[in-house]
Structure formats: C-alpha cells, structure tokens
Asks: 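Here it is: the structure, laid out below.
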Number of protein chains: 2
Amino acid sequence: MARLLLVEDDVNLAETLVELLELEQFEVTWVGDGEQAFDATFMHAYDLFLFDVNVPFIDGFELLESLRKSGDETPAIFITAMNDIASLSKGFEVGADDYIKKPFEFDELAVRINSLIRKRLKIKENIITLDDYHFHIDTNELYYQDKFIALSPIELKLTTLFFKQLSTTITKENILMELSEGEEASEGALRVHINKLRKHGLPIQTIKGTGYRLATS
Amino acid sequence: MARLLLVEDDVNLAETLVELLELEQFEVTWVGDGEQAFDATFMHAYDLFLFDVNVPFIDGFELLESLRKSGDETPAIFITAMNDIASLSKGFEVGADDYIKKPFEFDELAVRINSLIRKRLKIKENIITLDDYHFHIDTNELYYQDKFIALSPIELKLTTLFFKQLSTTITKENILMELSEGEEASEGALRVHINKLRKHGLPIQTIKGTGYRLATS
DNA sequence: TAAAGGTGTTAAGAGAAGGTTAACCTCTTT
DNA sequence: AAAGAGGTTAACCTTCTCTTAACACCTTTA
C-alpha cells in the first residue's frame, strides 16, 4: 500500500481528496501548510507528494525545493490553480514530476498518481518490482534487471521480509525475531547482514533507533 | 536471432533505434503507422512488438488491443511521450508487458527487450536450449551440440527437472521429493548426482541452504 | 569539548554446507 | 556364480556463511 502526503489548505477539497484517495487504497497523511508538511517528512517516508502550491508559511514550490536539496527524491505532483506556464515551469524546476490544474477530474489524478508510483513500485503476479529489482514471492528469487542474484539463507530471509513489507519500516526487534530460530541473533550481526544486502545494491534505509526499510526512492 | 516489429512515425528516432537494435543483434522491421504494422503482423511472426503510442491511422493502443483480441501474444513494449503518462494504465489494460518513456536511455530499452524475449526464444518445438545443450522434452534426450549424452535414470530425472524449470531455483526438498518413489533419498546421494551432472558439463549453480538451479550463462 | 550512543565497515575464526572420491550394496544379466 | 551397472553411504576435503570483535564515523548530550 502506497503512502501519500497531501498538503492542502482548502479544507473541503482536502477532505474530499482524502476520502477518494483512501477509496483508491492509498494511505493518506493530510496537512494544511508547508511547515507541517516539512515536519511530516521527518516522521515518515512517503511514496508520493501531492502539494498544493498556495499553502501557508512555506509554499509548495519552496517546500519541494528544500526537500529536493536535502536529497529527497519522492515523486511529487503539484495541484495548482494558476494555469500560467511560468508557474508550471517553476514547478518542474524545483523537481516536480507532474502537475494537475484545479479544478480537476479525480480519475485523472488517480491515474497520474498510479503511474508515478508504478514507475518504481509494481506488484504483479507474485513479482514485486522495485526500481530494477524483481523479487519473486513464490520462488524466493531476486533479480536485478534480468540477472539472478544468489542470496545466502539469511540474506534471503531478510530480503523476503523487506519486499513483503515494501516501504514500511521494520524494527530491529522484529527482524531479529524473524531471523532467529530459538536463539536471538545480535544487533551487530544484523548490521553486517544489512551491509551485505546493500552491497547487492538494495536501497535499504536506516531509521535511527528503530530499524530499517526498503526504500522506494 | 530475434525479430522485432518497430512502429514509430518519428523518422529520426526510428532510424536511430533501428541502427542501435541491429547492433544488438536484433532483426528489425520498421513501419511508420498502425495500418502498416497490422499488415506486417500477417506477413511475419515477430518475437517482440515495440510500439509508439501516437502513430497515424491506428494508434498503438488500438493496434495492440486488436492484435491481442485475435490471439496474438507476442510480448509488447510501448514507447510513450512524457505527456502520455496518464494513458499508461490504458497500455497495460490492452495487454502491454512493459513501457518506456521518451526520452530514454537505449541501454534500458535493450535490457527490457532482452528480458522479454529471452524466455520465449529458449523453448521451441519441444526443445529447450541452454548454451550448447539441447534437451528434447518429448523424447527425454540430452544433446551437447550434436552429440547425444547418455544419462542414467536418475540423472535423467534430474536433468528433466532442471530443464523444465530453466533458470529457476529448485529446492533440495523438491528434488528429493521428485527423485524418491516411496523412500526419501538422502542429501548425500543428491550431491553425488549433482556432481555427475556437472561432469557432463551442465552449468548447475548451488544456492547454499536452498537448492540448485540450471544457470543461464 | 568530551563523552556516549548508534550505526557502518572490515577482518578473522569457527562452524556448517556442499564437493569429491571410493567402497559397498543391490539388482540384473550372462 | 560372476560380472556389470547404477545407486547409496561414509569419510574426507573444500568453500562459504555467519558471528564476533575492533575500529571509524557521526550525532546528540552533558
């Protein structure tokens, strides 16, 4: 399930959007201004940003610009009331992936969201795709592009864990529970294994003090 | 050698593509619009379709849709422009296997083409080919180049297993299940048999803790 | 500024998993 | 009964995995 961050100060529009997006199986976090949005990005990792341009304190452009500067590459869609080209190009300049003009058809928005998310994240017939990595749930095989990646038993367990809970944080405790049969594995060992998976290229993010997550960006 | 049908009305792009694809050892038929494409599919069987969405007369979606309806299951990749992103979901609906966004890295396209084609090319008329090995499914005979390789009953069972599930990992448990009739065979015995198959030259890869797979190069 | 806690990275050693070989068993053929 | 083929077992060797431990680095706190 994909997690969205919606920044929108028009309460009516926001409530409608949240409702519709949840019907589409998205998990939506809604905030009313740019500052809250900025804070929210520290709390969670999102799969997509949906920013209104004109919101209090920090406008959508500034918000995305500073996020991009800090290395955040989450796909972003702007909602804009202004349909002049100047603001659109500004949007793309600061790192937007798409935009949609108010008023809009919800279906159109849903399609754009899906296509942006699907670029990176695709679940299809027992194959979970993340960027160029394909994990086959049924056979427990990991491929990069079309190359098979051989994994050791523990690497395999970890990889399975991560792909089954794509883009959600898994606590160190949970991982250690899963890994150990009878004996509890140590955190040091876990770090070594995470390190090995990263050497295979898997984009594993550290959530300090908590655990790890397989990132979608 | 794989045969591709390219439908692209942008002459520059098409010529570049044909050139690059031929360097990659593909045989490319290029047509400029959907009608010619449709006709071409009657003349030849192709191993892969590469369709631009916006082409004259019959657009890529319609084209693929009617081909699929007529029972054609050739793998298809769409080439779409940036502003067609919204229509991607339509592409999957009508039966596309993949898509690529203009402008694109050629390497990326080549990888996708290869991964879609390779699987189908390997199986042809009850003969599964891996490198210079040919396994005849119907007669259960293994050849290296043109030389028949005599296999003992168990070697034969194993070989059949591996070729039928080419390049997927088969667990030790599954192999032992298949081998044994009534009695469960031991892992030690399995190792000896794997060893024998390797002496015949078959490229069997070990996945420690899991099982074995017949590897693609 | 130092100290402390959390994480990343690497090397080394113990132990497990798998590879290899040869002897042995079983069944069939002669 | 002897010979032969295929299969299994057991012993030994090799290779890989996993863990530990030491150190580096960064951030936070005193």
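The shown structure was predicted, so the numbers you read here are calculated from the model rather than taken from an experiment. In what follows, chains carry the letters A, B, and so on, assigned in the order in which the sequence lines appear, proteins first and then strands, with residues in each chain numbered from 1.
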Asks: Please report the distance, rounded to the nearest Å, between CG in B:L190 and P in D:dG7.
Replies: 13 Å
Asks: For A:K199, report the nucleic acid contact type (base, sugar-phosphate, nothing); a contact means any heavy atom under 4.0 Å.
Replies: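 Counting heavy atoms under 4.0 Å across all strands, the contact made by A:K199 is with sugar-phosphate only.
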Asks: Any side-chain N or O of B:H193 less than 4.0 Å from the OP1 or OP2 oxygen of D:dG6?
Replies: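 So the side-chain polar atoms of B:H193 never come under 4.0 Å of the phosphate oxygens OP1 or OP2 of D:dG6.
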Asks: Find the distance A:K157:NZ to D:dT17:C1' and express it as a whole number of Å.
Replies: 14 Å
Asks: Tell me whether B:Q145 at atom CD has more than 12 heavy atoms from other residues, nucleotides or ligands lying less than 6.0 Å away.
Replies: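 More than 12 heavy atoms, drawn from other residues, nucleotides or ligands, come within 6.0 Å of this atom.
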Asks: When the ring centroid of A:F78 is compared with that of A:F61, is the distance short of 6.0 Å?
Replies: yes
Asks: Using a heavy-atom cut-off of under 4.0 Å over every strand shown, decide if A:I154 touches base, sugar-phosphate, or nothing.
Replies: sugar-phosphate
Asks: Whole angstrom is fine here: how far is it from CG in B:L151 over to P in D:dG7?
Replies: 10 Å
Asks: Is the closest basic N to carboxylate O distance between B:E187 and B:K172 below 4.0 Å?
Replies: yes
Asks: Using atom CG of A:N195 as one end and atom C1' of D:dC25 as the other, report the distance to the nearest whole Å.
Replies: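 In whole Å, D:dC25 C1' and A:N195 CG are 14 Å from each other.
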Asks: Please report the distance, rounded to the nearest Å, between CD1 in A:I175 and C1' in D:dT19.
Replies: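 Rounded to whole Å, this separation is 17 Å.
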Asks: How would you give the extent of chain B contacts on DNA chain C, as first and last nucleotide 5' to 3' within a 4.0 Å heavy-atom cut-off?
Replies: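 Range of nucleotides within reach of chain B: C:dA17 to C:dT21.
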Asks: Under a 3.5 Å cutoff, is there a donor and acceptor pairing between the side chains of A:T206 and A:R191?
Replies: no
Asks: Which comes earlier along DNA chain D counting from the 5' end, the contact point of A:P153 or that of B:G188, where each point is its nearest nucleotide?
Replies: B:G188
Asks: Output the rounded distance in Å from CD (B:E187) to C1' (D:dG7).
Replies: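 Atom CD in B:E187 sits about 17 Å away from atom C1' in D:dG7.
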Asks: Quick check: closest heavy atoms across B:Y46 and B:T74, and the distance to 0.1 Å?
Replies: O-CG2, 3.3 Å
Asks: Between B:R191 (CZ) and D:dG7 (P), how many Å, whole number?
Replies: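 My rounded result for the distance is 18 Å.
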Asks: Should B:S152 be listed as having a side-chain N or O under 4.0 Å from OP1 or OP2 of D:dA5?
Replies: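 No, B:S152 has no side-chain N/O under 4.0 Å of OP1/OP2 on D:dA5.
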Asks: Does the plane of the ring in B:Y133 sit parallel, tilted or perpendicular to the ring in B:Y144? Use 30° and 60° as the thresholds.
Replies: tilted
Asks: If you find the nucleotide of DNA chain C closest to A:G209 and the one closest to B:I194, which residue's nucleotide is nearer the 5' end?
Replies: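 Nearest-nucleotide comparison on DNA chain C picks A:G209.
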Asks: Which whole-number value in Å describes the distance from A:K196 NZ to D:dT20 P?
Replies: 15 Å
Asks: Work out which heavy atom in A:F38 is nearest to a heavy atom in A:S66; give both atom names and the distance.
Replies: CE1-OG, 3.6 Å
